[in-house]
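See structure below.
Lettering follows sequence order; numbering is per chain, from 1. Predicted, not measured: the structure shown is a model, and the values here were computed from it.
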2 protein chains.
Amino acid sequence: MWTKPHPYFYLYIYLVKDDAMKFEAATIKDIAKALGVSTSTVSRALRDSHEISPETKQLVIECAERLNYKPNPIALSLKEKRSRSIGLVVTEIANNFFSQIINGIESIAYDKGYNVIITQTFESYDREVMDVQFLASRGVDGLIISLSTETHDLSHLKALHDRGLPIVFFDRITDEINTHKVIVDNYKGSFEATEHLLQMGAKRIAVISSSEFLSITKDRVAGYKEALKMHGMEPTDELIHYSYYSGMVFSEVEEIINKLFTLKHKPDAILTTSDKITTGVLKTLKRRGIRIPDDVALAGFSNTDIPELLDPPLTIVQQPSREMGEAAVSLLLQMIESKRPIRDFEKRMLSPELQIRASSVVKKKAGKKPSGK
Amino acid sequence: MWTKPHPYFYLYIYLVKDDAMKFEAATIKDIAKALGVSTSTVSRALRDSHEISPETKQLVIECAERLNYKPNPIALSLKEKRSRSIGLVVTEIANNFFSQIINGIESIAYDKGYNVIITQTFESYDREVMDVQFLASRGVDGLIISLSTETHDLSHLKALHDRGLPIVFFDRITDEINTHKVIVDNYKGSFEATEHLLQMGAKRIAVISSSEFLSITKDRVAGYKEALKMHGMEPTDELIHYSYYSGMVFSEVEEIINKLFTLKHKPDAILTTSDKITTGVLKTLKRRGIRIPDDVALAGFSNTDIPELLDPPLTIVQQPSREMGEAAVSLLLQMIESKRPIRDFEKRMLSPELQIRASSVVKKKAGKKPSGK
DNA sequence: TTGTAAGCGTTATCAT
DNA sequence: ATGATAACGCTTACAA
C-alpha cells in the first residue's frame, strides 16, 4: 500500500556573514556608576528595600529602566546556590501524553522563574541513567521523572535522593524511593473501560498492557481483572499480554495480535493501555483486515487525536496529563523552595486551583456495539 | 458518535515528609584544602595544563574523583559570560514536526554542553513576543525560532539581533532579518505532491495551505500552481484556500471544506500543506461522509503517523524535521562559538555528516487512484 | 540612609 | 611548578 520510501527533501540553508559584536547587558554596576552611588544601594533600591530613601529608589529605578537593566540570572544562581532549573525525564517528547505533561510543567515552572531541561529515555535504562547524570551535572534543583520500562535498578536515583535532591515521580513510579509521586487512578480507568466493553456485549476481552514490571501496568491489569470478575467472568492468561516496550517497538504489538487471533477462541474485544499500544493495535488490525467493532471492539488509553479520526469509533481512556505535570512541578517547587519538611499529610495538599483543574479531565466513549458473534 | 465528555480521572498524589538536607557538592576549594595546594593549582591540574607536575596532577585528579567533583556550570557561565543555554521558539511541542525538530536540536546541543529552553507560541504573536523576551531575560546565548502565523512585526527579534544575539530561523522564516535560515524545499514538495495527484487522475485539485503571509505558504502554493501549469491546467482562486492558524483552529478547516464542496465544480483532489490541516481535513471529510480517494484524492504534508492508520491511503509529504533541527542548532552554535564571521558562503556549508543525514528523509505515496468522476 | 567588603566557584594574570 | 589575587554580577552583614 505504501511505496518504498525514497530520498526526497533538500535542506536549504541560508548562511550570512556574522559581524555583530556581542552585546553587553547593563549591570548593577553601570547603574551605580551612572548615579554615583554604590552597588549595594542600587541592589537594595531594586529589591525595594525599606531602608532606602524614596528619592534614591526613584532615581535608581528610572536609571535601570533607561539602561534596560535585567538582573543576571546566572550571577543570582551562583549567589543563591541554586540553578533555578529543574530536570525532566520522559520517555519521548513526540508523544501527546508527555508533551502535555511538559506543557503543564513549563507553564508553572516558567512563571516561577525556573527553566526546564527536558531529556528523553526512549524506554532505555541506559539512556535514563545518562539523562539523570546529565541533569545532575547541570546542577538542577530538582527532578521530575517517569521511569523507563527497562528500569529495575534505581541506584542512580537513590544516590541523588540520598544527597537531598528533590525528586517527584509521575506515571511510572516506584516504591523504592520515598518521595512525592503523581499518578492517576489507573485501576479505575481500566476497570471502567473494561466494563464499557462488557456493556457493549463483549464476551472475551483481551488486554494488551505495557511491561508487567511497571507500576501502572499492575494497576491497569488489576482493574481489568476486577471488572471481569464483577461480571462473573474469570480472567484467562491467554488473553493477558504485555508489551515490554509499551508499543514503542511495533513488532511486539503485531506479534501479540497474531497470537490472539490464532487462539481457538478469539477475543471479541481488546483493551489497550497506552498510546503507542493503541496505535499499534489499530495499525495491525487494519493491516489484517480485522474490522472494529464488528470483529473486535476496542477500548484504549490514548491522549492523541488518532482514535477520533477513525471510524468506527472506539472507547478512549484519556489521562489528565497536563494536570499531572502541573501537580508534579508544584510539588517539586514546594520541595525546592521550602527547606522545611512538609509536615501535615492532609492539610498540605495541592492548592485548590490545581485540584479543580485536575477534575476537568474527560473520558470519551464509543456508542456502537460489536455484532457479538 | 462521541458521548458527552464527563469528569473522570482522579489525580493521586503521594506526599512524603522531606527532611533531607541540601547536599553540598564538592568544589575546587575542597580539593585544594584536602591536598594543601592552592585552588589555581587544582584548576590547572584539572584542565590538564602543561605547567603542572605530573605528580600533582595525579593527586588532584584522584582527589577530584574521590570527592566526586563536578565543575559548577553556573560559576563557569558567570566567568565566561555565557549561559550555555539556547532558546527555542516553536508553535507547539505536541506536534510531531516540532518534537522532532526538538530531538534534533537537543541531541546536538546537549553534546556540546548547552541547555535548550523550549517555549511555545500556539500561533500567537503576543505569545511569541513574550517567549522571546523571556528567553532574552534568561540570557540565552542564541535563539532558534519558527515564526508564529500572526507575526508580521519583527521588531522584537530585530532588537535582539541588532544587539548581537545569534538567531537562526527555521521553517517559517523572514526576509527582514539577515541571519541563518533553515528550510526545506517546500516548492518542490508541493510540486511533486500535486503532480502525483494529477497522475492519479485528478482534474480539479484544491489546495489548503497555511496563512498566506508565511514564507512557506508562498513556496508551497507556488509549487502547486507550477505543477498545474506544467500539466496544462490553470490555477483557479476558488480552489486555493488559506487557513490562517494553519489548522490549529479546526473550524477554519471545516469552513474551507464546506466552501469547496458547495462549489459548482467540486474538487476531486485536495492538497494540504501542514500537519494540522491534513488532520483537520481528514476529520471533516470523515464527518461529512466524503470518501478518500473515491470522492476526493488527498495529498498532505504530515509528520505524524495518523495518515498511515487510515484507509484508504493518501499521499504524504514528510519533512526532514529532525535534520532541520540539527542543521539549525549547528549553525547557531557556530555563530555562538566563533566570534569570527563566517566568511565564505560556499565553503562553510554544513558538515558532511549533517548533509548525509539530511538526505535520508522520505516521501510516501499512496497507490490508489480516485474514481475520477 | 548609604557605603564597604566578603563571598558564591571558577579561571586568568600576575608573581614567586 | 605553584600561589596569591582579581574578576565575573549580585546580595548581605557590618560599618559609618
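- No side-chain N or O of A:Asn72 forms a donor-acceptor pair with one of A:Lys70 less than 3.5 Å apart.
- Side-chain nitrogen and oxygen atoms of B:Lys29 include at least one within less than 4.0 Å of the OP1 or OP2 phosphate oxygen of C:dC8.
- Residue B:Lys70 places none of its side-chain N or O atoms closer than 4.0 Å to OP1 or OP2 of C:dG9.
- When distances are taken from the side chain of B:Ile28 to each of C:dT10, C:dT1, C:dG9, the shortest belongs to C:dT10.
- The stretch residues 101-123 of chain B participates, sequence neighbours left out, in these ring pair (Phe, Tyr, Trp, His ring centres under 6.0 Å) pairs: A:Phe134-B:Tyr110.
- Two residues, B:Lys79 and A:Lys57, neighbour DNA chain C, and the one matched to the more 5' nucleotide by heavy-atom proximity is A:Lys57.
- Summarising the geometry, the separation between CG on A:Leu35 and C1' on C:dT2 is reported as 13 Å, rounded to the nearest angstrom.
- For A:Asp30 and D:dC10, the CG to C1' distance is 13 Å, given to the nearest whole Å.
- In this structure, B:Glu150 contributes its side chain and B:Tyr125 its backbone to a donor-acceptor pair below 3.5 Å.
- Distances from the side chain of B:Arg47 to the nucleotides C:dT11, D:dT2, C:dC8 place C:dT11 closest.
- Between B:Gly36 and B:Leu78, the residue whose closest nucleotide on DNA chain D is further toward the 5' end is B:Gly36.
- Between the side chain of B:Asp141 and the main chain of B:Arg84, a donor-acceptor pair closer than 3.5 Å is present.
- The stretch residues 37-44 of chain B touches DNA chain D through B:Val37, B:Ser38, B:Ser40, B:Thr41, B:Arg44, each having a heavy atom under 4.0 angstrom from the strand.
- The distance from atom CD of A:Glu80 to atom P of C:dG9 is 14 Å, rounded to the nearest whole Å.
- The pair A:Glu123-A:Arg172 meets the salt-bridge criterion, since a charged nitrogen lies less than 4.0 angstrom from a carboxylate oxygen.
- With rounding to whole Å, A:Ile31 atom CD1 is found 15 Å from C:dT2 atom P.
- Contact check on A:Glu62 versus A:Arg66 returns no salt bridge, with no Lys/Arg side-chain nitrogen under 4.0 Å from an Asp/Glu carboxylate oxygen.
- Note on B:Leu76: only backbone sugar-phosphate atoms sit closer than 4.0 angstrom, heavy atoms only; bases stay farther off.
- For B:His50 and B:Ala75, each mapped to the nucleotide of DNA chain D holding its nearest heavy atom, the one lying further toward the 5' end belongs to B:His50.
- In this structure, the CD1 atom of A:Ile74 is 10 Å from the P atom of D:dG9, given to the nearest Å.
- Rounded to a whole Å, the CZ atom of B:Arg82 is 14 Å from the C1' atom of C:dT11.
- Taking side-chain N and O atoms only, A:Thr56 has no distance below 4.0 Å to OP1 or OP2 of C:dT1.
- The separation between B:Glu55 atom CD and D:dA1 atom P is 10 Å, rounded to whole Å.
- In plain terms, the two heavy atoms of B:Ile117 and B:Ser85 that are nearest each other are CD1-OG, 4.1 Å.
- Atom NZ of B:Lys33 is separated from atom P of D:dA4 by 14 Å (rounded to the nearest Å).
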